[in-house]
Amino acid sequence: MSDILKYLNEPQREAVTTIEGPVMVIAGAGSGKTRALTHRIAYMIEQGINPFSIMALTFTNKAAKEMKERIMQLVEPGAARNVWMGTFHSIFARILRIEAANLGYTSEFTIYDTDDSKTLINAILKEREIDTKAYPAKYILHRISMAKSALYTPEDYCENAEIQEQDRRANKPLIGEIFKTYNSRLKRANAMDFDDILFNTNVLLRDFPDILLKYQRHFEYILVDEYQDTNYAQYLIIKRIAAMRENICVVGDDAQSIYGFRGANIQNILNFKIDYPEQRLIRLEQNYRSTKTIVKAANSVIANNKDQIKKNVWSDKEEGELITLLRATSDNEEGTLVANSIFGYKMSRQLANKDFVILYRTNAQSRSLEEALRKQDIPYKIYGGLSFYDRKEVKDLLAYFRVVINPNDEQALLRIINYPARGIGDTTKQKLQVIADERKCTVWDVLKSLNEQSTEFNMGTVTKLSNFVTMIQSFQTQLDKMNAFELAKHITETVGIIKVLKEDESPDGVMRVQNIEELLNAIQEFSDKQVDEVTGEQMTVNLAKFMEDVALLTDQDQKEEENADYVTLMTIHSAKGLEFPYVYIVGLEENLFPGIQSLSTREDLEEERRLFYVALTRAETKLILSYAESRYRWGNITLSEPSRFIEEIDPELIERTKKASFRGTTIKEDRSYNPFSGRGAWTFSGDKRYEQPRHSERSEESAKHYPKASPSDFIPVDAEEIEAGMRVLHQKFGQGTVVKVEGIGPNKKASVDFDESGNKMLMLKFAKLSILKQ
DNA sequence: GATTGTGCCCTTTTT
DNA sequence: GGGCACAATC
């Protein structure tokens with residue numbers, strides 16, 4: 001038997017060897033899904049299949065990279081390298097660059113990130129004199145993104161009665177029009193946003209049969225990982241390319257679908273059976289990762305979901321330890337408890353920092369944890385948050401590169417035309433855009449056409465603008481003469497970014513200079529790494545090549561230092577696919593996890609529960625859950641109740657009221673955090689969580705700490721006065737009827753049916769309501 | 001046209 | 001607590 005098949009269980013082996021025809025693998029958490037996938041690809045290569053004909057789509061770049069590395073260990077590395085492996089976005093961006101001309105783009109098209117898109121939306125709103133408060137860019141973008149993921153053009157969007165009705169109800173009937181302008185601006189800038197990559201790929205495969213045929217022939221075998229997280233656009237791409245041979249293998253777990261909010265569609269899993277009636281369905285149910293206790297806990301939680309494909313995930317490992325529940329009085333204390341707990345386990349069990357991960361729902365929660373870890377001298381690393389490529393100075397420099405490669409890239413152009421300051425102000429920028437609109441050309445075209453006879457601007461401005469154009473053009477001539485690093489360095493120096501940044505000697509300023517240097521290093525490293533896929537020779541790469549990749553990189557993709565030993569902090573979303581011996585899940589509180597926004601519909605709550613399921617199943621050996629009874633949010637203290645998810649775990653699996661004692665270790669307890677450190681700090685408790693008086697007792701007192709902002713023309717009433725049945729007025733949502741009131745004190749919530757915008761769940765502490773009728 | 005100050009929102013999650 | 005948009009001031 002082939003070595004590749006040796007250490008697989010029966011269903012895994014079936015998943016690996018069933019190469020021909022449609023296969024769907026439903027893989028429970030920890031069931032060796034990645035193993036099955038990598039071995040499958042290795043097996044295919046071993047069977048003589050050309051690696052070039054295999055396309056393997058992953059959810060993140062990181063997953064692709066890791067998978068490639070694992071395949072390289074199984075087969076000849078050169079062969080593994082040739083597999084088309086990457087995210088949907090990176091693979092199809094690559095294909096779109098090849099075929100760009102067919103769709104009216106050039107292959108140098110820019111990929112706008114969310115930030116660029118937002119700026120563009122705001123610019124459009126401003127031009128049209130639409131109130132940005134009534135039309136938040138983020139909301140508009142979300143609507144547009146959903147539309148594009150479902151393959152609606154702006155025209156479809158405007159003509160669709162249901163969508164229009166939704167927008168009318170939300171009081172935002174202009175979104176369709178904004179969508180139109182937004183798309184035409186992108187096109188003008190020779191740019192695509194993330195969703196366009198998938199959208200345009202679909203257009204390409206739909207409207208150009210010869211191109212479709214080309215890729216159908218090319219990609220003889222298709223694999224899709226994390227299939228439950230694909231959206232409609234992705235689903236259709238796969239369906240189109242796979243149509244010829246139907247050698248398609250999708251791997252997923254409906255219980256781990258956590259990206260519904262961005263258009264992922266579990267329906268894709270169900271459709272598979274319909275699209276490919278002769279599918280082989282393989283279930284991987286044995287969990288190799290976690291103890292029985294952890295698997296049982298996860299199963300008991302997910303059983304509360306109605307929408308799920310039934311499966312029986314089980315573990316052959318030992319029972320393992322019970323789950324520990326930490327109760328803290330505040331978020332800071334939660335941090336201290338967690339840090340102390342980690343310290344204790346490290347000492348008493350000889351563990352390394354990297355054995356631990358702390359998972360939370362939102363990035364904002366990392367702060368108190370960081371502080372506590374720092375005090376305890378535990379090295380840690382935070383994932384997510386502001387990524388390197390999102391830093392202002394990095395984006396500024398990248399914007400120069402973008403303009404050099406694609407001068408029509410308007411967002412980049414406007415970003416740098418006056419940075420570093422060269423006396424080109426907002427008025428000039430506005431004027432340039434207006435002229436571009438009038439002439440139906442790009443801002444860059446306008447700039448190029450300027451000369452001494454131009455009457456639109458005064459002489460001084462024309463000179464400044466011309467100098468800018470000349471500078472960019474001089475960079476452009478170097479594009480193919482210098483390699484990526486040389487040109488990047490040349491631009492950085494000529495433009496004087498470092499010089500400007502060095503004037504700021506604050507720690508932040510120093511940091512910024514370092515970031516620029518790091519970016520240049522990254523470019524050099526990238527250049528060094530480019531190896532000819534056939535000959536293995538090193539190739540020289542130009543800046544454009546580097547920029548192709550950069551837009552799709554995220555923080556997740558940054559290189560890891562080998563052997564580094566630190567505790568990991570990350571959101572649950574970014575922990576998907578990872579595993580750790582000791583897992584802390586913190587902030588298990590109502591309105592945080594599950595988040596308040598997920599409480600209104602069953603579907604949202606179920607997605608939240610799947611998220612909790614993902615968190616639980618990251619653990620190999622030990623789970624520690626925690627919640628805080630109060631927490632700083634938006635700068636003031638909020639009281640919270642323990643999450644309902646805690647109750648959903650089979651209570652027998654949770655350790656009851658156990659005193660934490662890590663004998664023989666010194667635990668630095670920081671008393672400054674917690675005036676009551678004798679009380680809650682070391683009580684590991686599970687059973688007194690639902691004591692009712694606790695809340696009411698405290699809520700009255702704390703209510704005083706929440707002064708209400710009251711604009712003169714609007715008199716909000718105290719939350720206590722709101723009752724079901726009242727007619728109320730909200731500044732943003734207008735009039736409505738209170739349907740239901742729940743919660744006590746600062747946690748009091750009201751479900752209000754607004755005449756215009758429908759049903760909303762409001763935290764009364766924040767929502768300003770005035771009573772119209774008792 | 002640039003810099004500083006003020007008030008307002010807000011918090012999911014990511015390619 | 002913080003980031004962002006807009007206003008006020010140099």
Side-chain angles (χ1 to χ4, degrees), chain A residues 57-64 86-93 111-115 117-119 122 125-126 131-133 136-139 141-142 145 148-149 192-198 226 229-231 233-234 257-264 359-368 383-387 389-390 392 418-430 460-461 464 551-557 570-576 587 591-599 604 607-608 610-611 614-615 631-638 709 711 731-732 763 766 768:
Chain A
L57 297 161
T58 59
F59 190 64
T60 61
N61 296 302
K62 192 175 155 204
T87 61
F88 273 88
H89 289 86
S90 65
I91 296 231
F92 293 110
I111 298 169
Y112 274 11
D113 65 17
T114 314
D115 230 52
S117 299
K118 232 195 235 158
T119 320
N122 276 325
L125 293 175
K126 200 163 183 181
D131 180 17
T132 49
K133 300 241 161 57
K138 216 179 135 188
Y139 181 88
L141 264 181
H142 179 248
S145 176
K148 286 185 177 178
S149 309
M192 299 188 195
D193 65 14
F194 288 133
D195 300 306
D196 283 338
I197 294 173
L198 305 176
E226 308 284 11
D229 289 328
T230 52
N231 62 28
Q234 291 168 322
S257 158
I258 53 176
Y259 284 97
F261 69 92
R262 81 177 212 217
L359 302 177
Y360 35 77
R361 178 68 237 266
T362 65
N363 283 122
Q365 285 165 259
S366 68
R367 214 201 74 248
S368 54
Y383 285 77
L386 194 62
S387 113
Y389 291 100
D390 282 339
K392 186 192 167 295
N418 194 36
Y419 179 84
R422 44 177 82 88
I424 301 168
D426 283 345
T427 325
T428 308
K429 283 198 223 172
Q430 299 267 315
T461 309
K464 288 174 197 161
L552 296 168
L553 289 180
T554 63
D555 217 29
Q556 312 267 321
D557 309 316
M570 55 170 59
T571 64
I572 301 165
H573 280 90
S574 37
K576 194 162 81 155
N591 300 333
L592 178 61
F593 192 21
I596 189 160
Q597 73 294 332
S598 69
L599 298 178
D604 286 350
E607 175 149 321
E608 205 80 351
R610 292 193 293 269
L611 192 58
V614 169
R631 177 176 297 279
Y632 265 97
R633 280 177 107 176
W634 312 287
N636 42 24
I637 296 171
T638 13
Q731 282 186 300
K732 193 166 153 198
M763 279 296 271
F766 300 115
K768 300 153 200 160

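Below, each value reflects all heavy atoms present in this structure, side chains not excepted, and no hydrogens, waters or symmetry copies. Naming convention: chains lettered A, B, ... in sequence-line order (proteins, then strands); numbering from 1 in each chain.
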| query | Checking all strands, does A:Lys138 fall into the base, sugar-phosphate, or nothing category for heavy-atom contacts under 4.0 angstrom? | reply | sugar-phosphate
| said: What's A:Tyr259 touching, base or sugar-phosphate or nothing? Going by heavy atoms closer than 4.0 Å. | reply: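 Sugar-phosphate, no base atom in range.
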| When rounded to the nearest Å, what value does the distance between P atoms of C:dC4 and B:dT13 take? |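 The same atom, P, in both gives a distance of 15 Å.
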[X] [atom1] to [N] [atom2], straight-line distance once rounded to whole Å:
X	N	atom1	atom2	result
A:Asn363	B:dC10	CG	C1'	15 Å
A:Leu611	B:dT14	CG	C1'	13 Å
A:Lys576	B:dT14	NZ	P	11 Å
A:Arg610	B:dT13	CZ	C1'	13 Å
A:Arg633	C:dG2	CZ	P	17 Å
A:Asn591	B:dC10	CG	P	16 Å
A:Phe261	B:dT13	CZ	P	8 Å
A:Leu359	B:dT13	CG	P	14 Å

| Going from CG on A:Leu57 to OG on A:Ser90, what distance comes out if it is rounded to the nearest 0.5 angstrom? |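 Between atom CG of A:Leu57 and atom OG of A:Ser90 there are 8.5 Å.
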| field | Non-hydrogen atoms of A:Leu592 and A:Arg631 that approach each other most closely | value | CD2-NE, 3.5 Å
| Closest approach of A:Thr571 and A:Thr362, non-hydrogen atoms and distance? |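 Heavy atoms of A:Thr571 and A:Thr362 come nearest at CG2-C, 4.3 Å.
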| task | Would you please test A:Phe261 and A:His142 for ring-ring contact (aromatic ring centres under 6.0 Å, His included) and show each step? | result | CA-CA 9 Å; A:Phe261 69 92; A:His142 179 248; 8.2 Å; no
Can you tell which of [options] lies closest to the side chain of [X]?
X	options	value
A:Thr362	B:dT15, B:dT14, B:dT13	B:dT13
A:Lys126	B:dT15, C:dC6, B:dT13	C:dC6
A:Thr428	B:dT14, B:dG1, C:dA5	B:dG1
A:Thr87	B:dT15, C:dC6, B:dT14	B:dT15
A:Asn122	C:dA5, B:dT15, B:dT13	C:dA5
A:Thr427	B:dT11, C:dC6, B:dG1	B:dG1

| said: For a quick test of reading the model: is some side-chain N or O of A:Thr571 closer than 4.0 Å to OP1 or OP2 of B:dT14? | reply: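 For A:Thr571, the contact criterion (side-chain N or O under 4.0 Å from OP1 or OP2 of B:dT14) is met.
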Between [X] (side chain) and [Y] (backbone), is there a donor-acceptor pair under 3.5 Å?
X	Y	value
A:Lys148	A:Asp195	no
A:Gln430	A:Thr427	no
A:Asp193	A:Ile111	no

Could you list all N or O pairs between the protein and nucleotides 2-4 of chain B that sit under 3.5 Å apart?
unit_1, atom_1, unit_2, atom_2, d
B:dA2, OP1, A:Asn418, ND2, 3.0

| query | Is there ring stacking between A:Phe59 and B:dT15, where the centres must be under 5.5 angstrom apart and the planes under 30 degrees? | reply | no
| Neighbour count above 12 (heavy atom, 6.0 Å) for A:Tyr632 OH | no
